[in-house]
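Here the structure is laid out as structure tokens; the discussion comes afterwards.
A, B, ... follow the sequence lines: proteins, then strands. Residue 1 opens every chain. Only heavy atoms go into these numbers, but all of them, side chains included; no hydrogens, no water, no symmetry mates.
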Amino acid sequence: MERKVFDGVGDIKFLTPENCIFTKNENGFIKASVDGAEPIRVYLYRVFPHDMTDKYISVTDSDKTELGMIRDIAEFGEDIARVINDDLNRRYFIPKILAITALEEKFGNSYWNIKTDIGERTITVRDTFKSIIRIGEDRAIVSDEDGNRYEIVSLEALDRKSYRRIELFL
Amino acid sequence: MKKHDEKFSPEPHGDKRGENKEMLPPQIAEIFERKGILPSSVKTAVRLDMGHALEYCDTWLVLTEDEVAVLEVLGGIFEKEKPSLTKQRSEVGLAERFSRVWSLEEWDSFRVEELVSGGRIIATGKESGEDAVVANFTNSAKNDAFAFCKATAGEPVTDKPFGDKPPREHSEGGHRGGPGGFGPGGPGGRDELKKLRDLDTKALFRKMMPFFNRYKKQTATVLLMVVLSTLLSILSPFISGRFFYDEVLDIGGEFYGRIAFAILLIAGTKLISVVFTMVHSIVTAKISANVTYDLKKTIFTAIQKLSLSYFNMRQSGGIMTQINQDATSIYWFFVDGIPYFIINIVQMVAVVIILFTTNWQISLVAMIPVPVFLIVRRAFMRIMRKLHARDYSKRRSFNSFVSDILTGTRVVKAFSQEELEAEKFNYKNYSLSDTLRQNRQKMHWLSNIIPSVLELGTWTAWGLGGILVVKYSMDGSGAFTYGMLVTYISMLSMAYSPLDFFNRFTNQLSECLNAMSRLFEILEKHSDVPEPENPILPEKETGEVEFRNVCFEYVPNRRVIDNVSFKVSNGETIGIVGHTGAGKSTLVNLVMRLYDAVDGEVLVDGVNVKSLPSKYIRDRIAIVSQETYVFCGTIADNIRYAVPDASMEEVIAAAKAAGAHDFIIKYPDGYNTKIGTGYRSLSGGELQRVSIARAILKNPTILILDEATAAMDTATELRIQKAITEITRDKTTIIIAHRLSTLRDADRLIVIEDGRMTESGTHEELVRKKGSYYKLYKMQLDALKVIGVEE
């Protein structure tokens with residue numbers, strides 16, 4: 001079935017090296033000049049943060065108005081792609097849980113000691129069942145009471161003890 | 001460490017020079033001092049929890065007159081708290097890792113940039129206009145970051161900086177933030193979670209006690225009956241075993257041949273025991289039912305007092321279900337758990353004593369399988385729990401799929417996706433039944449194997465006992481008779497049976513504890529909008545509403561209403577205009593005191609709403625909101641919800657005024673039509689008319705219409721508006737609408753943008769001003785022109 005174009009309403013403006021120049025300021029922030037306009041600081045968002053980390057990147061200005069979308073950051077060449085990726089990685093930065101060294105459940109809330117890639121931490125997870133979101137079969141995101149998120153990149157790859165501690169909440 | 005906490009707990013942003021050293025822990029102050037930042041010059045200090053290289057570490061930010069200094073330190077000055085383990089204190093020496101000073105001459109507009117998890121403080125170079133990262137933080141320190149940025153802008157940081165606590169409690173967890181919150185603590189805040197965690201079984205039962213106190217006599221009866229019936233049930237194998245075989249059937253027995261007497265004795269004991277059991281069951285059921293009734297009543301009353309924010313944070317539908325389920329778990333625990341727990345304890349102790357006095361050698365051997373059983377049983381329970389969890393998750397996914405599809409039938413049909421959905425259903429169904437089958441098989445298999453461990457003990461007892469009976473009957477001493485063996489074996493099974501019960505009991509206990517803690521959490525929850533202790537009643541009901549520099553935030557530091565001031569006099573109609581999400585409805589929530597302003601005052605009849613009894617406010621204000629809600633009942637009941645004693649004629653008059661009468665009488669059941677969940681559903685416009693009728697009938701001094709006519713067609717809206725104009729002639733009226741035509745009769749308009757009041761005046765004045773109202777007006781006018789309508 002052929003899909004009709006939405007008559008301009010739903011058109012996506014794609015940013016390409018032809019209409020957009022990305023630069024980096026001295027402090028590492030990304031600036032963009034779209035259609036020859038003055039370069040401004042831009043904010044990047046992943047449209048599909050879970051499965052397409054370097055494709056479909058929405059570029060907005062400080063008022064959150066979308067200037068356009070990058071189809072694939074690779075289009076901009078290695079150097080710019082790296083800069084864009086760094087920026088995205090910061091925005092979507094989530095500590096990765098390497099091990100769960102203790103987990104105590106009490107009254108539906110649970111208290112975890114975790115080892116992450118950026119250090120150890122003690123977290124409180126409210127409503128444990130609901131706070132662990134599975135992504136696909138093997139990945140999971142845990143949200144603590146403050147709204148901090150932690151990623152378990154692979155449930156399979158967790159050590160046996162850690163896995164056993166959270167198994168019942170999956 | 002505690003000592004330090006207390007020292008630097010005072011308000012971190014206070015401007016009390018000289019005392020400022022206490023804003024920082026001494027070790028940190030020392031490092032700063034070495035860098036030339038004197039503690040006395042520090043205006044504000046906060047501790048964030050992430051380093052520049054995105055690692056967990058303490059990052060201290062201080063603000064002085066002319067600079068912001070950042071200091072990252074390695075090593076903890078905190079206590080590590082591990083939930084299930086013992087508290088460990090670690091007092092590692094501090095090592096400075098990174099520091100930077102930002103001169104306020106070069107940098108300004110320090111602000112928070114929120115990211116997916118946590119965020120960062122950004123500053124902009126005054127000359128270059130370029131942004132730079134000052135510090136990173138996780139969400140746990142977000143409030144502190146916001147506060148710090150505010151302080152750098154010289155803004156006062158709400159009236160309660162850092163709550164009543166130090167910015168972050170050092171005694172609490174490595175990097176767990178203390179409630180450094182500003183303004184009202186969110187519902188179910190961290191403090192409460194912590195309290196919940198500290199609650200133990202004893203404390204929970206102690207809290208439960210007052211509910212039982214009223215039934216002291218009955219409880220005593222139950223206990224007595226339970227003990228008596230248990231003792232009798234222990235006696236019965238003794239009578240049917242040893243007494244029957246050795247004293248009645250045996251030639252040498254004292255009651256030889258008196259079988260009828262023996263049977264009567266056996267039956268009699270049983271009967272009395274049954275009577276005792278019945279009495280205790282009846283009394284327990286009664287007490288428990290009453291207690292759960294009291295409990296539910298208390299909790300429901302408590303819930304009604306809680307502010308809206310509590311409900312916003314939870315799925316309100318789930319709350320009542322949860323309460324019901326929890327009360328039921330508690331009920332069963334007290335009816336089914338506690339009495340049998342006592343029975344089993346009494347039984348086990350008594351029986352074990354009897355067993356050992358009968359023959360300690362056999363008893364010793366027979367007890368060997370007990371620990372084995374307990375270990376095997378533990379493993380079994382773990383497997384069972386896993387199977388159950390798997391069962392549960394499959395079932396949940398299946399159920400939610402089915403309910404999703406059934407609710408969305410219209411969409412499924414409209415996009416003719418029936419086949420695809422049927423396929424999905426089959427897949428889910430198969431996977432569920434497959435899991436269930438596998439689980440059942442495993443459970444059956446396991447549950448048959450486990451008890452046989454205990455059988456080992458019984459078989460050993462039979463064997464050893466048999467040998468003894470034969471031995472003693474041969475030497476004629478009769479020290480261990482056949483009757484004794486039969487009694488012994490039945491006693492042995494009585495000793496084993498509680499084992500299984502205790503396992504079940506632990507589960508039941510933990511379920512009941514969970515339920516109790518959830519219920520008490522609600523009971524102990526303080527309303528965010530407490531009733532005034534010394535309510536003030538206005539001298540005169542003027543019908544005035546006034547906002548004085550009102551600020552409000554649902555989430556700390558996210559201003560939804562920012563410094564709004566206006567006054568509506570008696571009889572005046574004011575229109576509030578603004579984009580979706582600008583904060584219009586929030587203003588109404590503040591007048592109704594569903595929430596409290598964070599700053600400034602909201603006055604009704606010249607008195608701050610915080611000082612007015614909530615009943616006073618709600619009696620005088622009627623609101624028709626965009627989310628109309630009807631209760632289960634007839635249309636008439638719904639209209640007179642606020643005035644239950646209104647006559648039918650008044651109800652009809654109100655319905656007519658609201659333009660609801662015409663559609664109501666078209667229903668076969670007229671005003672008796674049942675509406676609400678499960679009954680006839682009304683269209684959006686009809687619902688709004690019913691709720692307008694409800695508000696009209698209440699005849700309030702202040703009427704609030706929050707997009708009350710948004711779901712109606714223009715003709716109906718026009719008609720109703722005429723009615724509303726009539727009704728509101730002598731009332732203070734606040735109308736919120738995004739359709740400007742709705743506001744044509746307003747005396748004055750105020751424009752809200754991003755929580756701020758940007759313009760106010762009459763329609764003509766605002767149009768002349770050519771500001772944001774004019775833009776909105778033009779836009780809507782143009783839209784009308786497109787379809788050929790011109791004003």
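Counting heavy-atom pairs closer than 4.5 Å to chain A, the top-ranked of the candidates B/S117, B/G129, B/G119, B/S128 is B/S117. Most heavy-atom pairs under 4.5 Å with chain B, from the set A/R91, A/R149, A/E26: that is A/R91.
For the residue pair B/T124 / A/R41, no side-chain donor-acceptor distance below 3.5 Å is found, with atom types taken as modelled. Side-chain N/O atoms of B/N136 and B/T59 include no donor and acceptor closer than 3.5 Å.
Interface residue A/Y92: backbone and side-chain heavy atoms are both found under 4.5 Å from chain B. For A/P49, no part sits under 4.5 Å from any heavy atom of chain B, backbone or side chain. If you measure heavy-atom distances from A/R164 to chain B, the contacts under 4.5 Å come from the side chain alone. Proximity to chain B is limited to the side chain of A/T116, based on heavy atoms less than 4.5 angstrom apart.
Take A/E66 and apply the salt bridge (Lys or Arg N to Asp or Glu O under 4.0 Å) test, not counting sequence neighbours, and it matches no residue.
For A/E156 (side chain) and A/S154 (main-chain N/O), no donor-acceptor pair under 3.5 Å exists by modelled atom type.
Across all non-hydrogen atoms, the minimal contact from A/I94 to A/E151 is CG2-N, 3.6 Å.
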